[in-house]
There are 2 protein chains.
Amino acid sequence: MVRKLETHAALSEDDRRALMALPYTLRVYEPSSYLVREGDAPEQCAVLLSGFAYRQKQTGSGMRQIVSLHIPGEPLDFQHLFLDVADHNVQTLTRAEIATISRVALRELARSRASIGHAIFVNTLVEASIFREWILNIGRRDARSRLAHFLCEFAIRLDMQGVVDASGYELPMSQEQLGDALGLTAVHVNRTIKSLEADGLISRNRRRISFPRWEALRELADFSSRYLHLTQQAS
Amino acid sequence: MVRKLETHAALSEDDRRALMALPYTLRVYEPSSYLVREGDAPEQCAVLLSGFAYRQKQTGSGMRQIVSLHIPGEPLDFQHLFLDVADHNVQTLTRAEIATISRVALRELARSRASIGHAIFVNTLVEASIFREWILNIGRRDARSRLAHFLCEFAIRLDMQGVVDASGYELPMSQEQLGDALGLTAVHVNRTIKSLEADGLISRNRRRISFPRWEALRELADFSSRYLHLTQQAS
DNA sequence: CGTTATCTTGACCGTCGTCAAACAGGGTGG
DNA sequence: CCACCCTGTTTGACGACGGTCAAGATAACG
């Protein structure tokens with residue numbers, strides 16, 4: 001579980017044992033629970049075992065922007081591992097099973113075992129790359145491409161994590177939340193979804209989405225998986 | 001120069017010597033020179049000694065989005081230090097003096113000297129935090145606030161670096177580039193600038209900008225410097 | 001079943017993009 | 001010094017993408 005992501009980032013040998021030996025506590029969170037609040041001094045480091053989560057910031061006037069999504073198996077707090085105060089909120093999207101580790105213990109481990117530190121670093125860099133792609137997506141693509149891009153990214157990431165049956169997946173979020181992730185309103189997300197559906201680029205019932213014309217969608221989305229650094233396994 | 005940023009991120013002792021001992025080459029680049037191209041396998045690591053630079057990505061249809069700005073003293077390639085292939089472009093904004101270090105040498109140093117590795121990591125995390133704020137800024141703020149926020153961030157960062165005389169600064173970019181950074185068009189950037197100017201929130205001649213009503217601007221921008229993690233000096 | 005969140009749709013409006021032209025400034029070369 | 005050009009700034013008219021407001025439909029849930 002913990003090591004799953006570690007391996008995703010870079011190969012470690014038997015320091016998996018060291019990782020597994022870390023004391024952790026398991027807990028189930030309800031949807032929309034806060035795991036980290038902006039302004040907090042993070043003490044724990046959470047790993048998402050099942051369910052989904054997201055990072056979020058708000059403007060002074062209360063508009064919300066979701067800044068990243070996290071799928072089962074991903075660590076949630078590397079972004080704050082070495083920072084003294086949280087600059088954004090982390091929330092569960094669905095009911096989620098979460099393991100928390102002591103931050104100092106993990107830091108110690110990252111320091112003493114180079115390959116673990118390396119793996120964490122790579123994970124952080126890939127997340128940063130995704131942030132950059134989101135800036136491009138929100139800044140420069142219209143609503144249809146933007147949504148399509150989001151759906152493609154989610155599909156690929158779920159696929160890599162082995163969570164998905166190729167035909168499609170269940171979107172774990174409301175259209176309101178989708179809007180918050182894309183910099184759109186819920187109403188316009190709805191129209192955009194229906195527009196993609198009308199063109200046969202996606203099909204769905206309820207929140208389950210499938211991709212009858214994957215290549216066409218990918219092209220509309222202007223999606224290339226380079227920024228996910230999927231081949232960045234070893235070092 | 002190199003150590004300046006290192007110190008900015010976390011305190012190192014006499015491994016400054018190790019940093020200074022790294023072999024480097026100095027070179028002056030013309031405006032708009034590419035330092036890294038998307039798809040490259042980065043071999044060098046650049047540090048900006050003077051001048052400005054930015055990161056940029058493009059959509060398939062050729063729209064450009066500037067994803068971050070860099071001011072004198074900042075390292076430019078930590079984002080790719082441990083990744084095999086570049087996911088974005090790095091370009092000079094102005095004429096710039098740049099020192100390049102061997103990537104493997106720096107990686108070796110980061111690995112052998114914990115405090116240097118730590119400093120680099122913190123720097124990366126702060127950059128990631130800025131990416132997140134940009135996502136919020138582009139996704140959820142209107143043109144006036146968005147531009148104001150950008151100007152505030154730039155002012156604070158220049159100030160921290162000691163590059164600025166408190167009264168204001170010279171914006172090193174065209175309105176076209178400003179638009180690319182904000183997810184707007186050059187035309188609308190122009191209107192927005194004039195709108196801020198008309199309200200007395202900024203004043204300028206040519207590209208020199210000053211802030212007669214800093215607090216009002218900061219409020220419009222909804223700007224809080226928390227995300228810059230300015231107090232993150234030690235560890 | 002009633003209550004609530006989410007989705008859906010329509011009418012209307014505003015911010016921002018598009019297109020185009022005029023204008024200013026800074027080089028360069030005659 | 002002036003003609004010339006190039007890049008960047010400024011302005012206007014117009015249109016569209018996406019936001020706002022509001023109501024109704026649908027599904028989830030106790």
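Remember, it's a predicted structure, so these values are computed and weren't measured experimentally. The chains referred to below are lettered A, B, ... by the order of the sequence lines, with proteins before strands, and numbering in each begins at 1.
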To the nearest Å, how far apart are [X] [atom1] and [N] [atom2]?
X: A/L178; N: C/dT6; atom1: CG; atom2: P; answer: 13 Å
X: A/K194; N: C/dT8; atom1: NZ; atom2: P; answer: 5 Å
X: A/R141; N: C/dC16; atom1: CZ; atom2: P; answer: 21 Å
X: A/R206; N: C/dT8; atom1: CZ; atom2: C1'; answer: 12 Å
X: A/Q175; N: C/dT6; atom1: CD; atom2: C1'; answer: 8 Å
X: B/R204; N: C/dG25; atom1: CZ; atom2: P; answer: 13 Å
X: B/R207; N: C/dG25; atom1: CZ; atom2: P; answer: 14 Å
X: A/L171; N: C/dT6; atom1: CG; atom2: P; answer: 14 Å

For the pair B/S129 (side chain) and B/Y227 (backbone), establish whether a donor and an acceptor sit closer than 3.5 Å, ignoring hydrogens and angles.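 Indeed, once roles are kept as given, a pair shorter than 3.5 Å links the two residues.
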
Tell me whether the OP1 or OP2 atom of C/dT6 has a side-chain N or O from A/Q177 closer than 4.0 Å.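 So the side-chain polar atoms of A/Q177 never come under 4.0 Å of the phosphate oxygens OP1 or OP2 of C/dT6.
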
Output yes when at least one side-chain N/O atom of A/N190 is less than 4.0 Å from OP1 or OP2 of C/dT8, else no.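 For C/dT8, OP1 or OP2 has a side-chain N or O of A/N190 closer than 4.0 Å.
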
Considering the options A/Q56, A/E74, A/Q79, A/R55, which one meets the side chain to side chain donor-acceptor pair (under 3.5 Å) requirement together with A/S68?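 The passing option is A/R55.
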
Distance under 4.0 Å to a non-hydrogen atom of chain A counts as contact; along DNA chain D, which nucleotides mark the start and end?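 Both ends considered, the range comes out as D/dG18 to D/dA28.
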
Report, one pair per line, the protein and nucleotides 17-21 of chain C atoms (nitrogen or oxygen only) whose separation is under 3.5 Å.
| from | atom 1 | to | atom 2 | distance (Å) |
| --- | --- | --- | --- | --- |
| C/dG17 | OP2 | B/T185 | N | 3.3 |
| C/dG17 | OP2 | B/T185 | OG1 | 3.1 |

Toward the 5' end of DNA chain C, by each residue's nearest nucleotide, A/S174 or B/D142: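 Here A/S174 is the residue nearer the 5' end.
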
Terminal axes of the helix from C/dT8-D/dA23 to C/dG30-D/dC1 (five pairs each): angle between them, nearest 10 degrees: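 Axis angle across the helix from C/dT8-D/dA23 to C/dG30-D/dC1, nearest 10°: 40°.
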
cation_pi(B/R27, B/Y29) dist<6.0 Å, angle<=45: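 Yes, B/R27 and B/Y29 form such a contact.
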
Taking the basic N atoms (NZ, or NE/NH1/NH2) and the acidic carboxylate oxygens, is any pair closer than 4.0 Å for B/R132 and A/D87?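 Yes, B/R132 and A/D87 are salt-bridged.
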
Give a yes or no on whether a salt bridge exists between B/K57 and A/E133, defined as a side-chain N under 4.0 angstrom from a carboxylate O.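 Here B/K57 pairs with A/E133 in a salt bridge, since their nearest N and O are under 4.0 Å apart.
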
